[in-house]
There are 2 protein chains.
Amino acid sequence: MPRKDTTTAARTSLPTAPYVRVKRFLKEGLAAGRWPTGTLMPSESELVAQFEVSRMTVTRAVRELQAEGLIDRVQGIGTFAAQLSRVSSTLTIRDLHEEILSRGHRHRAEIHLAKRERASAAVATRLGIQTGSTVFHTLMVHFENDVPLQCEDRYVNPACAPDYLSVDFTQVTPTNYLLQVAPLWEAQYSIEAGLPSEQEAQLLRLRHDEPCLVIVRSTERGGVPITIARLVHPGSRYMLSGQFKP
Amino acid sequence: MPRKDTTTAARTSLPTAPYVRVKRFLKEGLAAGRWPTGTLMPSESELVAQFEVSRMTVTRAVRELQAEGLIDRVQGIGTFAAQLSRVSSTLTIRDLHEEILSRGHRHRAEIHLAKRERASAAVATRLGIQTGSTVFHTLMVHFENDVPLQCEDRYVNPACAPDYLSVDFTQVTPTNYLLQVAPLWEAQYSIEAGLPSEQEAQLLRLRHDEPCLVIVRSTERGGVPITIARLVHPGSRYMLSGQFKP
DNA sequence: CAGTGGTCTAGACCACTCG
DNA sequence: GAGTGGTCTAGACCACTGT
(Lines give C-alpha, C1' and ligand atoms only; values in the text may rest on other atoms or scores of the structure.)
Protein backbone atom coordinates (compact mmCIF):
# COMPACT_ATOMS: atom_id res chain seq x y z
CA MET A 1 0.00 0.00 0.00
CA PRO A 2 2.12 2.86 -1.25
CA ARG A 3 -0.58 5.40 -0.62
CA LYS A 4 -0.99 6.49 2.93
CA ASP A 5 -4.39 6.15 4.48
CA THR A 6 -6.00 9.55 4.79
CA THR A 7 -7.69 8.89 8.08
CA THR A 8 -6.23 11.86 9.90
CA ALA A 9 -8.31 14.97 10.41
CA ALA A 10 -8.50 17.91 8.07
CA ARG A 11 -11.40 16.49 6.20
CA THR A 12 -13.99 18.77 7.59
CA SER A 13 -12.52 21.88 5.94
CA LEU A 14 -9.60 22.06 3.58
CA PRO A 15 -7.47 18.96 3.13
CA THR A 16 -4.34 21.09 3.35
CA ALA A 17 -1.39 19.48 1.64
CA PRO A 18 1.04 17.88 4.08
CA TYR A 19 4.03 19.87 2.90
CA VAL A 20 2.03 23.02 3.46
CA ARG A 21 1.27 21.94 7.01
CA VAL A 22 4.93 21.32 7.74
CA LYS A 23 5.87 24.61 6.20
CA ARG A 24 3.24 26.47 8.16
CA PHE A 25 4.33 24.83 11.39
CA LEU A 26 7.88 26.02 10.89
CA LYS A 27 6.88 29.45 9.69
CA GLU A 28 4.56 30.07 12.59
CA GLY A 29 7.17 28.80 15.01
CA LEU A 30 9.63 31.28 13.60
CA ALA A 31 7.08 34.07 13.82
CA ALA A 32 6.38 33.18 17.43
CA GLY A 33 10.05 33.30 18.28
CA ARG A 34 10.18 29.61 19.03
CA TRP A 35 13.52 29.37 17.26
CA PRO A 36 15.44 32.61 17.69
CA THR A 37 17.97 33.58 15.04
CA GLY A 38 20.72 31.04 14.75
CA THR A 39 18.93 28.40 16.77
CA LEU A 40 18.96 24.78 15.70
CA MET A 41 15.61 23.79 14.30
CA PRO A 42 14.05 20.34 14.04
CA SER A 43 15.87 17.98 11.73
CA GLU A 44 14.17 16.44 8.74
CA SER A 45 13.86 13.09 10.46
CA GLU A 46 12.21 14.69 13.48
CA LEU A 47 9.68 16.36 11.25
CA VAL A 48 9.10 13.11 9.42
CA ALA A 49 8.25 11.45 12.74
CA GLN A 50 6.19 14.34 14.05
CA PHE A 51 4.02 14.77 10.97
CA GLU A 52 4.05 11.13 9.87
CA VAL A 53 4.92 12.03 6.32
CA SER A 54 7.69 10.92 4.02
CA ARG A 55 11.02 12.60 4.00
CA MET A 56 10.50 14.01 0.51
CA THR A 57 7.51 15.90 1.80
CA VAL A 58 9.44 17.38 4.68
CA THR A 59 12.33 18.16 2.38
CA ARG A 60 10.12 20.12 0.09
CA ALA A 61 8.70 22.23 2.88
CA VAL A 62 12.11 22.95 4.29
CA ARG A 63 13.69 23.64 0.93
CA GLU A 64 11.04 26.20 0.10
CA LEU A 65 11.59 27.97 3.38
CA GLN A 66 15.26 28.02 2.60
CA ALA A 67 14.56 29.54 -0.79
CA GLU A 68 12.51 32.20 0.96
CA GLY A 69 15.49 32.98 3.13
CA LEU A 70 13.83 32.07 6.38
CA ILE A 71 16.18 29.28 7.34
CA ASP A 72 19.75 28.24 6.71
CA ARG A 73 20.74 24.64 6.21
CA VAL A 74 24.17 23.14 6.50
CA GLN A 75 24.86 19.65 5.34
CA GLY A 76 26.04 17.44 8.11
CA ILE A 77 25.06 19.99 10.75
CA GLY A 78 21.42 20.90 10.67
CA THR A 79 18.82 23.55 9.98
CA PHE A 80 18.97 26.95 11.62
CA ALA A 81 16.68 29.92 11.95
CA ALA A 82 17.91 32.68 9.66
CA GLN A 83 18.35 36.35 10.39
CA LEU A 84 14.84 37.57 9.99
CA SER A 85 16.05 41.14 9.84
CA ARG A 86 17.55 40.50 6.47
CA VAL A 87 14.14 40.11 4.98
CA SER A 88 14.13 41.05 1.37
CA SER A 89 11.36 42.21 -0.84
CA THR A 90 10.79 41.74 -4.47
CA LEU A 91 10.91 45.02 -6.29
CA THR A 92 9.41 44.45 -9.66
CA ILE A 93 10.57 46.83 -12.31
CA ARG A 94 8.21 46.60 -15.20
CA ASP A 95 8.41 48.12 -18.56
CA LEU A 96 7.16 51.66 -18.19
CA HIS A 97 4.88 51.31 -21.17
CA GLU A 98 3.08 48.36 -19.63
CA GLU A 99 2.98 50.03 -16.27
CA ILE A 100 1.27 53.08 -17.65
CA LEU A 101 -1.18 51.09 -19.71
CA SER A 102 -2.06 48.95 -16.72
CA ARG A 103 -3.12 52.11 -14.95
CA GLY A 104 -5.46 52.72 -17.81
CA HIS A 105 -3.50 55.71 -19.02
CA ARG A 106 -1.95 56.72 -22.30
CA HIS A 107 1.75 56.33 -22.93
CA ARG A 108 3.73 58.38 -25.42
CA ALA A 109 7.45 58.67 -26.04
CA GLU A 110 9.27 61.68 -27.38
CA ILE A 111 12.57 60.84 -29.02
CA HIS A 112 15.30 63.41 -28.63
CA LEU A 113 18.29 61.44 -29.70
CA ALA A 114 18.99 58.15 -31.45
CA LYS A 115 22.40 57.84 -33.00
CA ARG A 116 25.74 56.13 -32.96
CA GLU A 117 28.55 57.73 -31.05
CA ARG A 118 32.12 57.17 -30.03
CA ALA A 119 32.15 55.77 -26.55
CA SER A 120 33.56 57.98 -23.85
CA ALA A 121 35.87 56.33 -21.39
CA ALA A 122 33.15 56.18 -18.74
CA VAL A 123 30.60 54.59 -21.03
CA ALA A 124 33.12 52.24 -22.62
CA THR A 125 34.19 50.92 -19.26
CA ARG A 126 30.68 50.15 -18.16
CA LEU A 127 29.83 48.53 -21.49
CA GLY A 128 33.03 46.53 -21.55
CA ILE A 129 34.18 47.91 -24.89
CA GLN A 130 37.05 50.03 -26.18
CA THR A 131 37.03 53.76 -25.60
CA GLY A 132 36.19 55.45 -28.86
CA SER A 133 34.42 52.50 -30.40
CA THR A 134 30.84 52.75 -31.56
CA VAL A 135 27.93 52.76 -29.17
CA PHE A 136 24.26 53.47 -29.64
CA HIS A 137 22.85 56.33 -27.67
CA THR A 138 19.19 57.19 -27.18
CA LEU A 139 17.55 59.90 -25.18
CA MET A 140 13.80 60.07 -24.81
CA VAL A 141 11.04 61.22 -22.53
CA HIS A 142 8.10 59.03 -21.59
CA PHE A 143 4.73 60.63 -20.95
CA GLU A 144 1.78 59.39 -18.98
CA ASN A 145 -1.31 61.19 -20.22
CA ASP A 146 0.97 63.87 -21.66
CA VAL A 147 2.70 64.47 -18.36
CA PRO A 148 6.45 63.78 -18.56
CA LEU A 149 7.20 60.89 -16.24
CA GLN A 150 10.62 59.62 -17.13
CA CYS A 151 13.71 60.79 -18.94
CA GLU A 152 15.56 57.79 -20.31
CA ASP A 153 19.20 58.21 -21.29
CA ARG A 154 20.57 54.94 -22.60
CA TYR A 155 23.71 53.50 -24.13
CA VAL A 156 23.62 50.16 -25.90
CA ASN A 157 26.38 47.76 -26.82
CA PRO A 158 26.04 47.36 -30.61
CA ALA A 159 27.27 43.78 -30.45
CA CYS A 160 24.17 42.78 -28.54
CA ALA A 161 21.58 44.65 -30.56
CA PRO A 162 22.95 45.62 -33.98
CA ASP A 163 19.57 46.82 -35.24
CA TYR A 164 18.83 48.95 -32.21
CA LEU A 165 18.81 52.25 -34.06
CA SER A 166 16.36 51.08 -36.68
CA VAL A 167 13.63 50.57 -34.11
CA ASP A 168 10.77 53.02 -33.90
CA PHE A 169 10.89 53.91 -30.25
CA THR A 170 7.60 55.74 -30.37
CA GLN A 171 6.07 52.29 -30.79
CA VAL A 172 8.33 50.01 -28.78
CA THR A 173 10.26 50.98 -25.69
CA PRO A 174 13.97 50.26 -25.67
CA THR A 175 13.48 47.99 -22.69
CA ASN A 176 10.90 46.01 -24.55
CA TYR A 177 12.99 45.74 -27.68
CA LEU A 178 16.11 44.72 -25.84
CA LEU A 179 14.12 42.09 -23.99
CA GLN A 180 13.11 40.59 -27.30
CA VAL A 181 16.61 40.61 -28.68
CA ALA A 182 18.24 39.40 -25.50
CA PRO A 183 16.10 38.56 -22.51
CA LEU A 184 17.81 40.34 -19.67
CA TRP A 185 19.44 37.85 -17.49
CA GLU A 186 21.32 39.90 -14.99
CA ALA A 187 21.12 43.50 -13.99
CA GLN A 188 22.28 45.85 -11.33
CA TYR A 189 20.66 49.04 -10.30
CA SER A 190 20.97 51.84 -7.88
CA ILE A 191 18.22 54.10 -6.71
CA GLU A 192 18.89 57.52 -5.34
CA ALA A 193 17.46 60.97 -4.97
CA GLY A 194 19.12 63.77 -6.84
CA LEU A 195 18.66 66.84 -8.94
CA PRO A 196 18.07 66.64 -12.67
CA SER A 197 20.67 67.90 -15.07
CA GLU A 198 19.80 71.09 -16.86
CA GLN A 199 18.75 69.17 -19.93
CA GLU A 200 16.72 66.68 -17.94
CA ALA A 201 14.93 69.45 -16.09
CA GLN A 202 14.01 71.02 -19.39
CA LEU A 203 12.83 67.79 -20.95
CA LEU A 204 10.78 66.89 -17.90
CA ARG A 205 9.47 70.45 -17.63
CA LEU A 206 10.83 70.78 -14.12
CA ARG A 207 12.54 73.48 -12.23
CA HIS A 208 16.16 72.55 -11.86
CA ASP A 209 15.83 72.31 -8.08
CA GLU A 210 13.03 69.77 -8.00
CA PRO A 211 14.12 66.45 -6.52
CA CYS A 212 14.10 63.43 -8.78
CA LEU A 213 14.23 59.72 -8.29
CA VAL A 214 17.21 58.52 -10.29
CA ILE A 215 17.59 54.90 -11.22
CA VAL A 216 20.79 53.77 -12.85
CA ARG A 217 20.58 50.32 -14.27
CA SER A 218 23.12 48.24 -16.10
CA THR A 219 22.24 45.01 -17.75
CA GLU A 220 24.41 42.16 -18.84
CA ARG A 221 24.12 38.60 -19.99
CA GLY A 222 26.69 36.01 -19.23
CA GLY A 223 29.13 38.75 -18.28
CA VAL A 224 28.61 40.67 -21.51
CA PRO A 225 27.24 44.17 -20.86
CA ILE A 226 24.19 44.97 -22.94
CA THR A 227 23.05 48.40 -21.91
CA ILE A 228 23.25 51.06 -19.27
CA ALA A 229 20.43 53.45 -18.59
CA ARG A 230 19.82 56.46 -16.44
CA LEU A 231 16.14 56.85 -15.65
CA VAL A 232 15.12 60.12 -14.09
CA HIS A 233 11.65 60.58 -12.60
CA PRO A 234 10.22 63.75 -11.11
CA GLY A 235 9.97 63.05 -7.40
CA SER A 236 6.55 64.57 -7.29
CA ARG A 237 5.17 62.28 -9.96
CA TYR A 238 6.65 58.89 -9.37
CA MET A 239 7.24 56.42 -6.61
CA LEU A 240 8.38 52.87 -6.37
CA SER A 241 6.50 50.58 -4.12
CA GLY A 242 6.66 47.00 -3.11
CA GLN A 243 6.02 44.48 -0.44
CA PHE A 244 7.80 42.25 1.93
CA LYS A 245 6.13 38.93 2.31
CA PRO A 246 8.41 36.43 3.93
CA MET B 1 17.65 -1.84 -8.38
CA PRO B 2 16.06 1.38 -7.31
CA ARG B 3 19.18 3.37 -8.04
CA LYS B 4 19.68 4.31 -11.65
CA ASP B 5 22.87 3.32 -13.31
CA THR B 6 25.12 6.34 -13.75
CA THR B 7 26.52 5.35 -17.09
CA THR B 8 25.62 8.52 -18.91
CA ALA B 9 28.30 11.13 -19.43
CA ALA B 10 29.16 13.95 -17.07
CA ARG B 11 31.74 11.93 -15.29
CA THR B 12 34.74 13.65 -16.72
CA SER B 13 34.06 17.00 -15.08
CA LEU B 14 31.35 17.88 -12.60
CA PRO B 15 28.63 15.31 -11.99
CA THR B 16 25.99 18.04 -12.18
CA ALA B 17 22.81 17.06 -10.42
CA PRO B 18 20.10 15.95 -12.86
CA TYR B 19 17.56 18.48 -11.68
CA VAL B 20 20.15 21.19 -12.27
CA ARG B 21 20.67 19.96 -15.81
CA VAL B 22 16.97 20.05 -16.53
CA LYS B 23 16.69 23.49 -15.02
CA ARG B 24 19.62 24.78 -17.00
CA PHE B 25 18.23 23.35 -20.22
CA LEU B 26 14.98 25.20 -19.73
CA LYS B 27 16.62 28.40 -18.55
CA GLU B 28 19.01 28.54 -21.48
CA GLY B 29 16.21 27.77 -23.87
CA LEU B 30 14.26 30.70 -22.49
CA ALA B 31 17.31 32.95 -22.75
CA ALA B 32 17.81 31.91 -26.34
CA GLY B 33 14.23 32.72 -27.19
CA ARG B 34 13.40 29.12 -27.90
CA TRP B 35 10.09 29.54 -26.15
CA PRO B 36 8.81 33.09 -26.59
CA THR B 37 6.52 34.54 -23.95
CA GLY B 38 3.32 32.56 -23.64
CA THR B 39 4.58 29.61 -25.64
CA LEU B 40 3.86 26.07 -24.54
CA MET B 41 6.95 24.46 -23.12
CA PRO B 42 7.82 20.77 -22.82
CA SER B 43 5.57 18.82 -20.50
CA GLU B 44 6.95 17.01 -17.49
CA SER B 45 6.62 13.66 -19.17
CA GLU B 46 8.53 14.88 -22.21
CA LEU B 47 11.35 16.06 -20.00
CA VAL B 48 11.30 12.76 -18.15
CA ALA B 49 11.79 10.95 -21.44
CA GLN B 50 14.37 13.36 -22.78
CA PHE B 51 16.59 13.42 -19.71
CA GLU B 52 15.87 9.89 -18.57
CA VAL B 53 15.18 10.95 -15.02
CA SER B 54 12.25 10.39 -12.72
CA ARG B 55 9.31 12.68 -12.72
CA MET B 56 10.11 14.01 -9.25
CA THR B 57 13.39 15.28 -10.56
CA VAL B 58 11.78 17.09 -13.44
CA THR B 59 9.10 18.42 -11.16
CA ARG B 60 11.66 19.95 -8.87
CA ALA B 61 13.46 21.71 -11.69
CA VAL B 62 10.25 23.06 -13.11
CA ARG B 63 8.83 24.07 -9.76
CA GLU B 64 11.91 26.08 -8.95
CA LEU B 65 11.71 27.90 -12.24
CA GLN B 66 8.13 28.66 -11.46
CA ALA B 67 9.11 30.05 -8.07
CA GLU B 68 11.62 32.25 -9.85
CA GLY B 69 8.85 33.56 -12.02
CA LEU B 70 10.31 32.33 -15.28
CA ILE B 71 7.47 30.03 -16.19
CA ASP B 72 3.77 29.70 -15.56
CA ARG B 73 2.10 26.37 -15.03
CA VAL B 74 -1.55 25.54 -15.30
CA GLN B 75 -2.92 22.28 -14.13
CA GLY B 76 -4.50 20.29 -16.88
CA ILE B 77 -3.03 22.55 -19.55
CA GLY B 78 0.72 22.78 -19.48
CA THR B 79 3.76 24.88 -18.80
CA PHE B 80 4.27 28.25 -20.45
CA ALA B 81 7.10 30.72 -20.81
CA ALA B 82 6.43 33.67 -18.54
CA GLN B 83 6.73 37.34 -19.30
CA LEU B 84 10.42 37.85 -18.92
CA SER B 85 9.96 41.58 -18.84
CA ARG B 86 8.38 41.40 -15.45
CA VAL B 87 11.56 40.23 -13.88
CA SER B 88 11.77 41.24 -10.29
CA SER B 89 14.71 41.86 -8.11
CA THR B 90 15.21 41.31 -4.47
CA LEU B 91 15.68 44.55 -2.65
CA THR B 92 17.06 43.70 0.73
CA ILE B 93 16.41 46.26 3.38
CA ARG B 94 18.70 45.56 6.26
CA ASP B 95 18.79 47.08 9.64
CA LEU B 96 20.70 50.33 9.25
CA HIS B 97 22.85 49.54 12.25
CA GLU B 98 24.06 46.31 10.68
CA GLU B 99 24.48 47.94 7.32
CA ILE B 100 26.76 50.60 8.71
CA LEU B 101 28.77 48.17 10.79
CA SER B 102 29.23 45.89 7.80
CA ARG B 103 30.89 48.79 6.02
CA GLY B 104 33.32 48.94 8.92
CA HIS B 105 31.95 52.25 10.10
CA ARG B 106 30.62 53.54 13.37
CA HIS B 107 26.92 53.85 14.01
CA ARG B 108 25.37 56.24 16.49
CA ALA B 109 21.78 57.25 17.13
CA GLU B 110 20.57 60.55 18.45
CA ILE B 111 17.17 60.35 20.09
CA HIS B 112 15.01 63.41 19.69
CA LEU B 113 11.69 62.05 20.78
CA ALA B 114 10.35 58.97 22.53
CA LYS B 115 6.96 59.33 24.06
CA ARG B 116 3.35 58.30 24.02
CA GLU B 117 0.90 60.41 22.11
CA ARG B 118 -2.73 60.57 21.12
CA ALA B 119 -3.02 59.20 17.61
CA SER B 120 -3.98 61.63 14.91
CA ALA B 121 -6.56 60.46 12.45
CA ALA B 122 -3.94 59.79 9.81
CA VAL B 123 -1.74 57.72 12.09
CA ALA B 124 -4.66 55.91 13.68
CA THR B 125 -5.96 54.82 10.32
CA ARG B 126 -2.66 53.39 9.23
CA LEU B 127 -2.15 51.63 12.55
CA GLY B 128 -5.67 50.30 12.63
CA ILE B 129 -6.53 51.88 15.97
CA GLN B 130 -8.94 54.50 17.28
CA THR B 131 -8.20 58.14 16.68
CA GLY B 132 -7.04 59.65 19.93
CA SER B 133 -5.88 56.40 21.48
CA THR B 134 -2.32 55.98 22.65
CA VAL B 135 0.55 55.42 20.23
CA PHE B 136 4.28 55.40 20.73
CA HIS B 137 6.23 57.94 18.73
CA THR B 138 9.97 58.08 18.27
CA LEU B 139 12.12 60.41 16.25
CA MET B 140 15.81 59.85 15.89
CA VAL B 141 18.75 60.43 13.61
CA HIS B 142 21.22 57.73 12.66
CA PHE B 143 24.83 58.67 12.04
CA GLU B 144 27.49 56.88 10.07
CA ASN B 145 30.87 58.04 11.32
CA ASP B 146 29.16 61.12 12.76
CA VAL B 147 27.57 62.03 9.44
CA PRO B 148 23.77 62.07 9.64
CA LEU B 149 22.47 59.39 7.31
CA GLN B 150 18.85 58.79 8.19
CA CYS B 151 16.05 60.54 10.01
CA GLU B 152 13.64 57.98 11.38
CA ASP B 153 10.16 59.08 12.35
CA ARG B 154 8.18 56.17 13.68
CA TYR B 155 4.82 55.34 15.20
CA VAL B 156 4.26 52.04 16.96
CA ASN B 157 1.09 50.22 17.89
CA PRO B 158 1.34 49.77 21.69
CA ALA B 159 -0.56 46.49 21.55
CA CYS B 160 2.30 44.91 19.62
CA ALA B 161 5.19 46.24 21.66
CA PRO B 162 4.07 47.44 25.07
CA ASP B 163 7.61 48.00 26.33
CA TYR B 164 8.75 49.93 23.29
CA LEU B 165 9.40 53.17 25.13
CA SER B 166 11.58 51.54 27.76
CA VAL B 167 14.14 50.49 25.18
CA ASP B 168 17.43 52.36 24.99
CA PHE B 169 17.49 53.24 21.34
CA THR B 170 21.06 54.40 21.47
CA GLN B 171 21.89 50.72 21.89
CA VAL B 172 19.22 48.93 19.88
CA THR B 173 17.52 50.25 16.77
CA PRO B 174 13.73 50.27 16.75
CA THR B 175 13.79 47.94 13.77
CA ASN B 176 15.94 45.50 15.62
CA TYR B 177 13.84 45.65 18.76
CA LEU B 178 10.58 45.24 16.91
CA LEU B 179 11.99 42.29 15.05
CA GLN B 180 12.71 40.62 18.35
CA VAL B 181 9.29 41.33 19.75
CA ALA B 182 7.44 40.49 16.59
CA PRO B 183 9.35 39.26 13.59
CA LEU B 184 8.00 41.36 10.76
CA TRP B 185 5.97 39.18 8.57
CA GLU B 186 4.53 41.56 6.08
CA ALA B 187 5.44 45.03 5.07
CA GLN B 188 4.73 47.57 2.41
CA TYR B 189 6.95 50.38 1.38
CA SER B 190 7.19 53.19 -1.05
CA ILE B 191 10.31 54.88 -2.22
CA GLU B 192 10.32 58.37 -3.58
CA ALA B 193 12.41 61.45 -3.95
CA GLY B 194 11.32 64.51 -2.07
CA LEU B 195 12.35 67.44 0.03
CA PRO B 196 12.90 67.13 3.75
CA SER B 197 10.60 68.87 6.17
CA GLU B 198 12.05 71.84 7.94
CA GLN B 199 12.72 69.75 11.01
CA GLU B 200 14.24 66.90 9.02
CA ALA B 201 16.53 69.27 7.18
CA GLN B 202 17.72 70.66 10.47
CA LEU B 203 18.26 67.24 12.03
CA LEU B 204 20.11 65.96 8.99
CA ARG B 205 22.06 69.22 8.71
CA LEU B 206 20.80 69.78 5.20
CA ARG B 207 19.64 72.78 3.32
CA HIS B 208 15.90 72.57 2.96
CA ASP B 209 16.18 72.28 -0.82
CA GLU B 210 18.44 69.26 -0.92
CA PRO B 211 16.73 66.20 -2.39
CA CYS B 212 16.18 63.23 -0.14
CA LEU B 213 15.31 59.61 -0.64
CA VAL B 214 12.17 59.01 1.36
CA ILE B 215 11.09 55.52 2.29
CA VAL B 216 7.74 55.04 3.93
CA ARG B 217 7.28 51.61 5.34
CA SER B 218 4.39 50.07 7.18
CA THR B 219 4.61 46.72 8.84
CA GLU B 220 1.94 44.36 9.94
CA ARG B 221 1.56 40.83 11.09
CA GLY B 222 -1.47 38.78 10.35
CA GLY B 223 -3.35 41.90 9.39
CA VAL B 224 -2.46 43.71 12.61
CA PRO B 225 -0.45 46.87 11.95
CA ILE B 226 2.69 47.07 14.03
CA THR B 227 4.47 50.20 12.99
CA ILE B 228 4.80 52.86 10.35
CA ALA B 229 8.02 54.66 9.67
CA ARG B 230 9.22 57.50 7.51
CA LEU B 231 12.88 57.16 6.74
CA VAL B 232 14.54 60.17 5.16
CA HIS B 233 18.02 59.96 3.65
CA PRO B 234 20.05 62.78 2.18
CA GLY B 235 20.17 62.04 -1.52
CA SER B 236 23.82 62.89 -1.63
CA ARG B 237 24.73 60.36 1.02
CA TYR B 238 22.61 57.31 0.43
CA MET B 239 21.55 55.02 -2.32
CA LEU B 240 19.72 51.75 -2.57
CA SER B 241 21.15 49.13 -4.79
CA GLY B 242 20.26 45.67 -5.82
CA GLN B 243 20.42 43.07 -8.49
CA PHE B 244 18.27 41.19 -10.87
CA LYS B 245 19.30 37.62 -11.24
CA PRO B 246 16.59 35.57 -12.89
C1' DC C 1 -11.02 9.72 -22.60
C1' DA C 2 -5.89 10.82 -22.61
C1' DG C 3 -2.85 14.42 -21.14
C1' DT C 4 -1.46 17.84 -17.92
C1' DG C 5 0.29 19.41 -13.51
C1' DG C 6 0.05 18.69 -7.94
C1' DT C 7 1.25 15.81 -4.59
C1' DC C 8 2.82 11.86 -1.94
C1' DT C 9 5.50 7.53 -0.55
C1' DA C 10 9.20 4.23 0.95
C1' DG C 11 13.10 3.39 0.16
C1' DA C 12 17.98 4.42 -1.39
C1' DC C 13 23.00 6.35 -1.95
C1' DC C 14 25.88 10.08 -1.12
C1' DA C 15 28.77 13.89 1.18
C1' DC C 16 29.36 16.09 5.06
C1' DT C 17 30.34 16.97 10.25
C1' DC C 18 30.81 15.71 14.71
C1' DG C 19 32.46 13.17 18.76
C1' DG D 1 29.70 5.64 13.57
C1' DA D 2 25.65 8.25 14.07
C1' DG D 3 23.32 12.11 12.53
C1' DT D 4 22.57 15.65 9.15
C1' DG D 5 21.19 17.48 4.74
C1' DG D 6 21.32 16.66 -0.82
C1' DT D 7 19.57 14.03 -4.15
C1' DC D 8 17.25 10.42 -6.75
C1' DT D 9 13.74 6.69 -8.14
C1' DA D 10 9.51 4.13 -9.55
C1' DG D 11 5.51 4.10 -8.77
C1' DA D 12 0.98 6.04 -7.21
C1' DC D 13 -3.61 8.89 -6.62
C1' DC D 14 -5.69 13.13 -7.46
C1' DA D 15 -7.77 17.38 -9.81
C1' DC D 16 -8.01 19.62 -13.68
C1' DT D 17 -8.38 20.72 -18.76
C1' DG D 18 -9.17 19.51 -23.42
C1' DT D 19 -11.66 16.64 -27.22
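All of these numbers come straight from a predicted model, not from anything done at the bench. Lettering follows sequence order; numbering is per chain, from 1.
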Counting just side-chain N and O atoms, does [X] come under 4.0 Å of either OP1 or OP2 of [N]?
X: Arg63(B); N: dG6(C); answer: no
X: Thr57(A); N: dT9(C); answer: yes
X: Ser43(B); N: dT4(C); answer: yes
X: Tyr19(A); N: dT7(C); answer: yes

Please report, rounded to the nearest Å, how far the [atom2] atom of [N] is from the [atom1] atom of [X].
X: Gln66(A); N: dG6(D); atom1: CD; atom2: C1'; value: 10 Å
X: Glu64(B); N: dT7(D); atom1: CD; atom2: P; value: 8 Å
X: Leu47(A); N: dT9(C); atom1: CG; atom2: C1'; value: 17 Å
X: Ile77(B); N: dA15(D); atom1: CD1; atom2: P; value: 17 Å
X: Phe80(A); N: dT4(D); atom1: CZ; atom2: P; value: 11 Å
X: Glu44(A); N: dC16(C); atom1: CD; atom2: P; value: 17 Å
X: Met41(B); N: dG3(C); atom1: CE; atom2: P; value: 21 Å
X: Arg73(A); N: dA15(C); atom1: CZ; atom2: P; value: 18 Å

Q: Select from Gln75(B) and Pro18(B) the residue whose nearest nucleotide in DNA chain D is closer to the 5' end of that strand.
A: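 Comparing both residues, the 5'-ward one is Pro18(B).
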Q: Name the residue closer to the 5' end of DNA chain D, choosing between Arg60(B) and Met56(B) according to the nucleotide with the nearest heavy atom.
A: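 Its nearest nucleotide being more 5', the pick is Arg60(B).
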Parallel, tilted or perpendicular: which describes the rings of [X] and [Y], with under 30° parallel and over 60° perpendicular?
X: Tyr177(A); Y: Phe169(A); value: perpendicular
X: His233(B); Y: Tyr238(B); value: parallel
X: His97(A); Y: His107(A); value: perpendicular

Q: Choose from dG5(D), dT9(D), dT17(C) the nucleotide whose nearest atom is closest to any side-chain atom of Val53(B).
A: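 From the listed options, dT9(D) comes nearest.
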Under 4.0 Å, counting only non-hydrogen atoms across every strand here, what does [X] touch: a base, just sugar-phosphate, or nothing?
X: Thr79(B); value: sugar-phosphate
X: Val62(B); value: nothing
X: Ser45(A); value: sugar-phosphate

Q: Report yes or no: is there a donor-acceptor pair, N or O only, under 3.5 Å between the side chain of Arg55(B) and the base of dG6(C)?
A: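 Looking at the base of dG6(C), it does pair with a donor or acceptor on the side chain of Arg55(B) (distance under 3.5 Å).
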(Q) When you compare the side chains of Glu44(A) and Thr59(A), does any donor N or O come within less than 3.5 Å of an acceptor on the partner? (A)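 There is such a pair between these side chains.
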Q) Going by atom types only, do Ser218(A) and Tyr189(A) share a side-chain donor-acceptor pair under 3.5 Å? A)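 Note: Ser218(A) and Tyr189(A) side chains miss the donor-acceptor criterion.
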Q) DNA chain C: Val20(A) or Gly76(A), which has the more 5' nearest nucleotide? A)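 The answer here is Val20(A).
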